[in-house]
Colleague: 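I'd like to ask you about the structure that follows.
Below, read A as the first sequence line, B as the second, and so on, with proteins coming before strands; counting in each chain starts at 1.
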Amino acid sequence: MYALVDAVAFYASAEKVFDPAIRSKPVVVLTNNDGCICAVCPIARKLAIPKFQPYFQVKKILEDNQVVIRSSNYELYADLSERMMNVIGRFCDNQHIYSIDESFLNFTGFKKLIHDWHRYGHDIRRTVWRETKLPVGVGFGPTATLAKAANHAAKKLPGFDGVAVIDSEASRVAILKAMDVQDVWGVGRRLAKKLKVMNINTAFDLAEQDPRKMKRLFSIVLERTVNELRGKSCLAWDEVRQDKKEIFSTRSFGERITDATALKTALINHCVIVARKLRAQGSHTQRLLMFVASSPHQDGYYKKSYIYEFSVATADSCVFANAISEVFDHLYKPGVRFYKCGVGALELSSQMFQQPDLFQTPIDNPKLMKCLDSINSRYGVGTLAIASETPTTRWHMKRAYLSPHYTTRWHNLPKIHC
DNA sequence: TCTGGGGTCCTAGGACCC
DNA sequence: TCTGGGGTCCTAGGACCC
């Protein structure tokens with residue numbers, strides 16, 4: 001049995017934790033740079049406020065409905081996420097954190113025999129609320145995809161109070177029949193459109209298809225999904241939590257930038273993040289992609305990328321930074337108003353199997369990186385940084401509606417007025 | 001006069017997720 | 001005046017080689 005536990009409109013709920021005054025109000029949270037709406041609380045959802053709509057396009061609707069607006073406060077969300085995951089993790093010793101607000105629990109071989117999954121689910125919900133003031137939904141199912149489907153039912157279908165269980169053929173059929181095919185994990189807008197032309201409208205319709213036929217018509221990904229919906233586990237536990245095959249760090253700027261130094265510093269910051277994530281999963285790369293771009297929404301769209309090939313696979317921040325300095329002139333173009341840039345490591349391989357170069361002295365310094373990582377993990381990321389990371393010019397993120405970092409900065413501690 | 005295979009690698013863009 | 005997220009994986013199609 002699997003469970004999927006996730007928070008209801010996590011970012012919006014997180015904003016309400018330390019600000020009870022807005023708990024009964026409609027709240028939305030914006031993406032980086034206040035670009036789009038990325039979280040809509042249940043109260044705001046009733047006002048039909050669309051997710052992932054550019055903010056400036058719905059400004060009027062938000063004002064008219066007196067919706068509370070918040071900029072993304074990742075420092076707060078990351079901290080609350082960690083607390084929430086710790087509480088959830090107490091309910092199963094095999095937990096896989098899938099995203100900032102979702103975690104799968106695998107009860108295969110669980111030490112405790114659970115007779116009543118409903119009750120167990122409500123236990124989780126109650127405990128998470130009591131200890132973190134975050135509302136969660138819980139779904140149980142014999143495969144990860146069915147647990148996801150149950151979780152969807154728990155939160156969206158009437159008659160479920162935040163917990164849904166698929167533990168019989170009857171419950172599987174009932175929940176899948178009530179679920180639009182587009183809400184299935186792995187089926188997006190485009191795929192749903194094609195499926196609906198074939199008269200496959202609900203999750204149940206999809207589950208009734210021949211998996212091999214779906215593979216032939218669409219992809220191996222959909223074949224797996226169909227099998228999972230039929231109760232056959234295809235996303236093996238260790239596959240759900242497989243190492244990443246590529247790792248990116250990209251970001252748009254709060255304001256357009258034209259300055260070469262600022263752009264270069266931004267790229268170096270991204271490559272440092274990528275390098276850190278690579279080391280964290282024990283991977284390294286021989287190919288590093290770097291790109292810069294102007295706004296695709298405006299005329300004269302400029303986009304340039306470069307793939308740097310190292311002679312030996314590495315995850316060394318300094319080596320990455322040097323690579324960027326080396327090829328930066330190929331990317332930068334004076335006069336362009338840069339909107340976005342990023343760095344990605346492609347074709348990752350395991351650090352356990354490094355193939356050194358016979359004729360060259362090593363280009364990287366794993367000991368130095370290990371030292372850097374342990375200092376930063378102890379005293380916080382950024383405590384120790386490479387010199388070229390430090391911004392000489394400010395490029396800030398636009399966050400006009402930022403809430404305080406209640407839990408991570410002393411001067412942001414919530415104050416209680418008596 | 002016209003036609004013709006098979007494999008690998010690369011890349012941009014598509015699709016999906018949160 | 002101007003504004004449009006971030007991350008990962010897959011695949012079709014082009015280029016090139018023999």
Colleague: Report the residue (V221(A) or Y339(A)) whose heavy-atom-nearest nucleotide on DNA chain C is the more 5′ of the two.
Modeller: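 It is Y339(A) whose nearest nucleotide is closer to the 5' end.
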Colleague: When you look at CD of Q66(A), are more than 12 heavy atoms from neighbouring residues, nucleotides or ligands closer to it than 6.0 Å?
Modeller: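 12 or below, so no.
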Colleague: Which label fits Y98(A) and H96(A): parallel for a plane angle under 30°, tilted from 30 to 60°, or perpendicular past 60°?
Modeller: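 Geometry flag for H96(A) against Y98(A): perpendicular rings.
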Colleague: With a 4.0 Å cut-off on heavy atoms, is Y55(A) in touch with a base, just the backbone sugar-phosphate, or nothing at all?
Modeller: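 No contact.
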Colleague: Could you check whether V274(A) gets within reach of a base, just the sugar-phosphate, or nothing at all, counting any heavy atom under 4.0 Å?
Modeller: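 The residue V274(A) makes no contact with any strand.
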Colleague: Regarding N365(A) and D316(A), is there a side-chain donor-to-acceptor distance under 3.5 Å anywhere?
Modeller: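 D316(A) and N365(A) do not have a side-chain donor-acceptor pair below 3.5 Å.
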Colleague: Which part of the nucleic acid, if any, lies within reach of G186(A) when heavy atoms closer than 4.0 Å are counted: base, sugar-phosphate only, or nothing?
Modeller: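 Since only primed, P, OP1 and OP2 atoms lie under 4.0 Å of G186(A), the category is sugar-phosphate.
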Colleague: Can you check the distance between dC18(C) and dG4(B), where both ends of the measurement are the C1' atom (answer in whole Å)?
Modeller: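 About 15 Å, rounded to a whole number of Å.
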Colleague: Could you go through F107(A) and Y2(A), starting from their C-alpha distance and side-chain angles, then the distance that decides it, and tell me whether this counts as ring-ring contact (aromatic ring centres under 6.0 Å, His included)?
Modeller: CA-CA 6 Å; F107(A) 291 94; Y2(A) 291 86; 8.9 Å; no
Colleague: Please compare S219(A) and T250(A) by the position of their nearest nucleotide in DNA chain C and report the one closer to 5'.
Modeller: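 Nearer the 5' end of the strand: T250(A).
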Colleague: Classify the nucleic acid contact of D101(A) as base, sugar-phosphate or nothing, counting any heavy atom under 4.0 Å across all strands shown.
Modeller: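 Answer is sugar-phosphate: D101(A) comes under 4.0 Å of backbone atoms only.
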Colleague: For a ring-ring contact (aromatic ring centres under 6.0 Å, His included) check, start with the C-alpha distance between F104(A) and W185(A), then their side-chain angles and the critical distance, and finish with the verdict.
Modeller: CA-CA 14 Å; F104(A) 281 102; W185(A) 191 32; 5.6 Å; yes
Colleague: Output every pair passing ring-ring contact (aromatic ring centres under 6.0 Å, His included) with a member in residues 10-46 of chain A, not counting sequence neighbours, ordered by first then second residue.
Modeller: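 Applying ring-ring contact (aromatic ring centres under 6.0 Å, His included) to every pair that reaches into residues 10-46 of chain A, excluding sequence neighbours, yields Y11(A)-Y74(A), Y11(A)-Y77(A), F18(A)-Y406(A).
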Colleague: By the ring-ring contact (aromatic ring centres under 6.0 Å, His included) test, which pairs, at least two apart or in different chains, include something from residues 123-142 of chain A?
Modeller: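 For residues 123-142 of chain A: W117(A)-F140(A).
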Colleague: Report which part of the nucleic acid I247(A) touches: base, sugar-phosphate, or nothing (heavy-atom distance under 4.0 Å, all strands).
Modeller: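 Sugar-phosphate only.
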Colleague: Could you write out DNA chain C as a dot-bracket string, with dots for unpaired bases, | for bases paired across to another strand, and Watson-Crick or G-U pairs counted at under 3.5 Å?
Modeller: ....||||||||||||||
Colleague: Give one of base, sugar-phosphate or nothing for Q53(A), where a contact means two heavy atoms less than 4.0 Å apart.
Modeller: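 Here Q53(A) touches no strand at all.
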Colleague: Could you check whether R337(A) gets within reach of a base, just the sugar-phosphate, or nothing at all, counting any heavy atom under 4.0 Å?
Modeller: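 Answer is nothing: R337(A) stays at 4.0 Å or more from every strand.
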Colleague: Among residues two or more places apart or on two chains, list those pairs meeting ring-ring contact (aromatic ring centres under 6.0 Å, His included) that have a residue in residues 268-294 of chain A.
Modeller: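 ring-ring contact (aromatic ring centres under 6.0 Å, His included) check on residues 268-294 of chain A returns no pairs.
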Colleague: Keeping to residues at least two apart or across chains, list the ring-ring contact (aromatic ring centres under 6.0 Å, His included) pairs with something in residues 190-212 of chain A.
Modeller: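 Those involving residues 190-212 of chain A do not exist here.
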Colleague: Determine the contact category for S295(A): base if any of its heavy atoms lies under 4.0 Å from a base atom, sugar-phosphate if only primed atoms, P, OP1 or OP2 are that close, otherwise nothing.
Modeller: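 Result for S295(A) = nothing.
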Colleague: Under 4.0 Å from a heavy atom of chain A: give me the 5'-most and 3'-most nucleotides of DNA chain B that qualify.
Modeller: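 Listed 5' to 3', the contact boundaries are dT11(B) to dC18(B).
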Colleague: Quick one: label L30(A) by what it contacts on the DNA or RNA (base, sugar-phosphate, nothing), any heavy atom closer than 4.0 Å.
Modeller: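 The residue L30(A) makes no contact with any strand.
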Colleague: Contact class for S249(A) vs. all strands (heavy atom < 4.0 Å): base, sugar-phosphate, or nothing?
Modeller: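 Sugar-phosphate: the residue S249(A), judged by heavy atoms under 4.0 Å, touches backbone atoms but no base.
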